[in-house]
Amino acid sequence: MTSARVLRGAAGAAGLLAVGELLIRFVVSDDVVFPAPSTILYEAVLLLVSPEFLTGLGTTLTNWALGLLIAIGISVPLGVLLGALPPVERAIRPVLEFMRPIPSVAIIPLAILLIPVDGLMKISVIVYACMWPILINTLYGMQDVDPLAKESLRSFGFGPLAVLARVSLPSAAPFVATGVRIAAGIALILAVSAELLAGGTAGIGVFVVQAASGNRTDLMMAATFWAGIFGVIANLALLAGERRLFHWHRMRTGAQES
C-alpha cells in the first residue's frame, strides 16, 4: 500500500509538471518571467555543483538542525513538567495561548534589533517557532496517559518519578514525535524566511535574494525547489522513524477507533 501511494504521488507530481510545461511553452510563452518546469529542474541539477549554493544550503541546514534540537531540549522537558503538574499548567496556559498564535515571521524584525549576531538571531527565531508544536503535543501526550496504568503502578509501590519514567513518558512519546515532525517543517520555513528578511553571507534565502537582484527567476525557483525537496525528505524520514518506533501506538489507536 505504501509503494502504491508513493507511485500515485510521483504520477501526480509528474502530471503537474507536464501541465505546467505545456502552459508555459504554449500559453504564457515567457520562460524568463515564468520559468518552465524543465528549466527549473535543469538549473536545480546545476546547483548541485555550485559551491555558492552548497555553502548556502549547508548554512541553512545547520541553522535548521540547531534550532530544532534546541527547541526539543526546551519544549519536551517543559511540556513534561507542565503535564505532570496540572495546577501549574492551568496557571501558565493563558500565557501560552496568548503567545502561540503570534506569527513567528513577525518577530524576525524584532529579533534583528535585539540579537546582533546573525547566526544566533536566526537560530533563536527557529527555536521560538518550533517550541509551540513540540510543547503543545507533549502536553497533550501527558494528558492522554491512561490514569488506570498510573494507579496500577502506584499500587505496587512505585513513586512519582518511576510512574513518570515507566508510564507517562512512553505514552507521551508518540505525541512528542508528531510535534517534532511538525516543527521540522516550521523550522525550515523560518530558516529560509529569516535569511530572506535579514540577509547574511550565506543561506538558501540569501541565494534567492541574490538571484532575484540579478533577475534570475530560474535560479530563484531552482533554489526554492531544493528547499522543498529537503522538507519532503525530512518529513518522510521522521514519519518513517515515527512509524517504526511507535507502531504499537498506531495499533492501539486503530483498535480504539474500531
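- Residues that satisfy the side-chain contact (heavy atoms from CB on, under 4.5 Å) test with I108, not counting sequence neighbours, are V105, I112, V125, L190, S193, A194, L197.
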List, one per line, each side-chain donor-acceptor pair under 3.5 Å for residues 172-189, sequence neighbours excluded.
residue: T178; atom: OG1; partner: P174; partner atom: O; Å: 3.1
residue: T178; atom: OG1; partner: E242; partner atom: OE2; Å: 2.9
residue: R181; atom: NE; partner: E242; partner atom: OE1; Å: 2.9

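- Under the side chain to side chain donor-acceptor pair (under 3.5 Å) criterion, T60 pairs with E195, sequence neighbours left out.
- The side-chain contact (heavy atoms from CB on, under 4.5 Å) test applied to A84 returns M142, not counting sequence neighbours.
- Judged by distance alone, the side chain of S213 and the main-chain N or O of Q210 form a donor-acceptor pair under 3.5 Å.
- Under the side chain to side chain donor-acceptor pair (under 3.5 Å) criterion, S38 pairs with E21, R25, not counting sequence neighbours.
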In a table with atom names and distances, give each donor-acceptor pair under 3.5 Å that connects a side chain of residues 10-18 to protein atoms at least two apart or in another chain.
none

Please list, one pair per line, the donor and acceptor atoms closer than 3.5 Å that link side chains of residues 96-103 to other protein atoms, with sequence neighbours excluded.
residue: E97; atom: OE1; partner: R100; partner atom: NH2; Å: 2.9
residue: E97; atom: OE2; partner: R93; partner atom: NH1; Å: 3.0

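- Note on residues 182-215: pairs passing ring pair (Phe, Tyr, Trp, His ring centres under 6.0 Å), not counting sequence neighbours, are F53-F207.
- No donor-acceptor pair under 3.5 Å is formed between the side chain of N235 and the backbone N or O of G231.
- With sequence neighbours left out, F230 forms a ring-ring contact (aromatic ring centres under 6.0 Å, His included) with W64.
- Membership of the apolar cluster around I123 extends to L66, I70, I74, V127, M131, as traced through chained side-chain contacts below 4.5 Å between ILVMFWY residues.
- The hydrophobic cluster around Y42 extends to L46, counting ILVMFWY residues whose side-chain heavy atoms fall within less than 4.5 Å of a member.
- Screening residues 101-128 for ring pair (Phe, Tyr, Trp, His ring centres under 6.0 Å) gives Y128-W132 as the qualifying pairs, with residues at least two apart or on separate chains.
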